[in-house]
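Accompanying notes for the structure given below.
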Amino acid sequence: MLFAKQSADLPGIYLEFVSANPTGPLHVGHGRSAVIGKALERILKKSHYPVTSAYYVNDAGTQIDTLTCSVILRMIPDAIFHSTCYQGDYIKDIANIGPGIDPTSARNIAKDSMNWSSLEPEEGQKRLIADIQKHMGPEQYQALKTLSIHEILKSITADLAQLNVSYDEWFFESTLLKGGQVNQALEQLQHNNHLYTKDGATWFKSSELGDTKDRVIVRSNGQNTYFLNDIAYHQYKYKNYDQAINLIGSDHHGYGPRLEAAKNALGHQNKKLTMKYIQFAILWQNGEKLSMSTRQGQYTTLKELYDEVGTGPTLFFYALKKPDQHLDFDMDLAKKQSSDNPYYYVQYAHARISQLLNKANWQITEDLSKLTQSTERQIMNQLLYFNTALARAARDLEPHQICFYLMDLSKFLHQYYNDTPILKDPNQELINARLTLLKATANTLSEGLKLLGIKALENM
RNA sequence: GCGCCUGUAGCUCAACUGGACAGAGCAACGGCCUUCUAAGCCGUGGGUUGCAGGUUCGAUUCCUGCCAGGCGUGCCA
């Protein structure tokens, strides 16, 4: 192989991450997947892989009906708010922008709401959705559903944008149902003899393909499981890409084998499915662990986090540890503007260089033969190592390797800066050579930070 | 019970897929600003890599068995 690989030779990668249900604002758990996922997209793209990033919007399941009904109940002051509905204030906000509900429907719903709370929570939940849909009528209901999803996605997009996270594609689960891809996948599984019926439900024989047990894909009540729709989604991925990478919370690790089984059952043995599990981030503030309960809206939102510690530190801290390692996110440290904080350590290195470059009278030179100090060699070696570090981060899907690379490079820079008064030297040629090296260092720091979504600072 | 992940210095973490005396930061202690930003640098102390075996010239890394923690083990998503 004489030449470096071109993009066209490399496998097209479909990278899905976050894909949180659009039922509420993103919380701090989603933040880590968002930051790592986007960093991976940039790392892979910089490594010349054709990458498509995607957010899968689950807009078809019962949780969306729960969302819609939560909003509707908040629009009717007389109705009793059900315990299984989403409690957060954001529901009220959506209800306030809504067009309102016609008086007859509202009265009926308010009347029924007494019955729901007398039932078992789950049963009440089911009845609630059915009754509300009946009273509202399909058009009015659908309008509010669309509005609710739209508003939630707006807030999710805004949160992600704060962390410089954007997507090539937003893929809606509902399009798979409308477009017939779900039925198509179902038929193909049937045709390939991977299905059977038991207890009125349709089962996928995933245990024959490496999973620990068979899985229901159509429930006895006729509803698809999340899994079936996801199979159809992955069918789409395999048809258009060579490799699918899913970033997924490690609490869902049991999901991988059945997706792999489905891939093979549909004849996509030649495609690669990579599950990258992201461990939880645990927030610490004032030396105490923050509660992560997702019930009753008692969790820390992503917005609260980046408002508190700032975008740059948030990005750096989320990416700092190996993805499959638990992350202790120390908010006090992230806010601290001192040497303990690795984010500022790296930024300070870049800022120091920027100031020198601005202050000096110099020009770029190709002659670096005068740079013979060990500190200068150390920096040069580290600069040459960048491509390797990048390749490793891409290979292992581990952005934290970029963080460690940047911290190492920053350390060499600070050492150099401390023991060599660069601008004081009488030899202009030497100054030119040294500042050329520092310019390259600043560029590399800036590039590395950019991979993490962080803008390098000129001064501090 | 079974499955996946984790266990490295007092704390938080690395360790280039099996290679040299296992490295950083913080915390502790001691130095460096009349000199380009001290948000920095230098030095000292700190380890039986959870435990016990095995494979290997060589193991934090691979295998087996324990111990501890986390997460799973739905006709939830």
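Just so we're clear, the structure is a prediction, and the values are computed from it rather than from any experiment. Chain identifiers are assigned alphabetically (A, B, ...) following the order of the sequence lines, protein sequences preceding nucleic acid strands; residue numbering begins at 1 within each chain.
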Could you state the atom-to-atom distance from [atom1] of [X] to [atom2] of [N] in whole Å?
X	N	atom1	atom2	result
A:Y405	B:A15	OH	P	16 Å
A:I217	B:G74	CD1	C1'	16 Å
A:D419	B:C42	CG	P	9 Å
A:F329	B:U12	CZ	P	16 Å
A:I248	B:G72	CD1	P	12 Å

Practice item. For A:K321 and for A:Y416, locate the closest nucleotide of RNA chain B by heavy-atom distance; then report the residue assigned to the nucleotide nearer the 5' terminus. Key: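 Final value for this comparison: A:K321.
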
**Study point:** Residue closer to the 5' end of RNA chain B, A:P421 versus A:N221 (nearest nucleotide)
**Key:**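 Result of the comparison: A:P421.
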
Exercise for review: For nucleotides B:C42 and B:G25, find the distance between their C1' atoms and express it as a whole number of Å.
Suggested key: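 So the two C1' atoms sit 16 Å from each other.
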
Check your understanding: If you measure from the P atom in B:A22 to the same atom in B:G47, how many Å do you get, rounded?
Key ->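 The same atom, P, in both gives a distance of 12 Å.
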
Nearest listed nucleotide, side chain of [X], among [options]:
X	options	result
A:H414	B:C76, B:C41, B:U37	B:C41
A:K213	B:A38, B:A15, B:C75	B:C75
A:R352	B:A77, B:G40, B:A39	B:G40
A:A351	B:C13, B:U37, B:C36	B:U37
A:A201	B:C16, B:C75, B:U12	B:C75
A:I422	B:G40, B:C75, B:C36	B:C36
A:Y345	B:C75, B:G40, B:A39	B:G40
A:D324	B:C5, B:C71, B:A38	B:C5
A:Q325	B:C5, B:C36, B:C13	B:C13

Assign [X] to base, sugar-phosphate, or nothing according to its heavy-atom contacts below 4.0 angstrom with the strands shown.
X	value
A:D199	base
A:Y277	nothing
A:D330	nothing
A:T420	base

Study note, to complete from the structure: Symbol by symbol from the 5' end, with Watson-Crick or G-U pairs under 3.5 Å, [ ] crossing and | another strand, RNA chain B is (((((((..((((.....[...)))).(((((.......))))).....(((((..]....))))))))))))....

Review point. With no angle test and no hydrogens, is the base of B:C75 tied to the side chain of A:S220 by a donor-acceptor pair under 3.5 Å?
Key: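 Answer is yes: a donor-acceptor pair is held.
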
Check your understanding: Is a donor-acceptor pair below 3.5 Å formed from side chain A:H400 to base B:A14, judging by atom type as modelled?
Key ->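 Checked by distance alone, the answer is no.
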
[X]/[Y] ion pair, N-O < 4.0 Å:
X	Y	result
A:R215	A:D211	yes
A:E41	A:K45	yes
A:E308	A:K335	yes

Practice item. For the residue pair A:E151 and A:S148, confirm or rule out a side-chain donor-acceptor distance under 3.5 Å. Key: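 Distance-only check fails for A:E151 and A:S148.
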
Review point. Can a donor-acceptor pair be found between the side chains of A:R352 and A:Q347 at a distance below 3.5 Å?
Key: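 Their side chains do not contain a donor-acceptor pair, so the 3.5 Å distance test is not met.
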
Would a distance-only check, ignoring hydrogens and angles, find a side-chain to backbone donor-acceptor pair under 3.5 Å from [X] to [Y]?
X	Y	answer
A:T197	A:G200	no
A:N246	A:M275	no
A:S207	A:K213	no
A:Y55	A:T157	no

Check your understanding: Residues in ring pair (Phe, Tyr, Trp, His ring centres under 6.0 Å) with A:Y343, at least two apart?
Key ->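 For A:Y343 there are no ring pair (Phe, Tyr, Trp, His ring centres under 6.0 Å) partners, ignoring immediate neighbours.
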
Please tabulate, one pair per line, each protein N/O and nucleotide N/O from nucleotides 1-3 of chain B that are separated by under 3.5 Å, including the distance.
residue, atom, partner, partner atom, Å
B:G3, N2, A:H253, NE2, 2.5

Exercise for review: Please say which of A:Q325, A:R32, A:K322 ends up in a side chain to side chain contact (heavy atoms under 4.5 Å, CB included) with A:Q279.
Suggested key: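 The residue from A:Q325, A:R32, A:K322 that satisfies side chain to side chain contact (heavy atoms under 4.5 Å, CB included) with A:Q279 turns out to be A:R32.
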
Using the 3.5 Å cut-off, write out each protein N or O paired with an N or O of nucleotides 43-47 of chain B and the distance between them.
none

Contact list (N/O, under 3.5 angstrom) for nucleotides 17-24 of chain B vs protein:
residue, atom, partner, partner atom, Å
B:U17, O4, A:D396, OD1, 3.2

Review point. Passes ring-ring contact (aromatic ring centres under 6.0 Å, His included), A:F386 versus A:Y405? Steps please.
Key: CA-CA 8 Å; A:F386 181 75; A:Y405 173 87; 5.4 Å; yes

Practice item. Would you verify whether the NZ or CZ of A:R74 falls within 45 degrees of the ring axis of A:F81 while also being under 6.0 Å from that six-membered ring's centre? Key: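 The answer is yes; both the distance and angle limits are met.
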
**Study point:** Pairs meeting criterion salt bridge (charged side-chain N to carboxylate O under 4.0 Å, His left out) with involvement of residues 52-62 of chain A, two or more places apart
**Key:**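 Output for this query is empty, none listed.
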
**Study point:** side-chain hydrogen bond (donor to acceptor under 3.5 Å, both in side chains) between A:Q181 and A:Y233, intermediate numbers included
**Key:** CA-CA 8 Å; A:Q181 289 96 319; A:Y233 180 35; over 6 Å; no

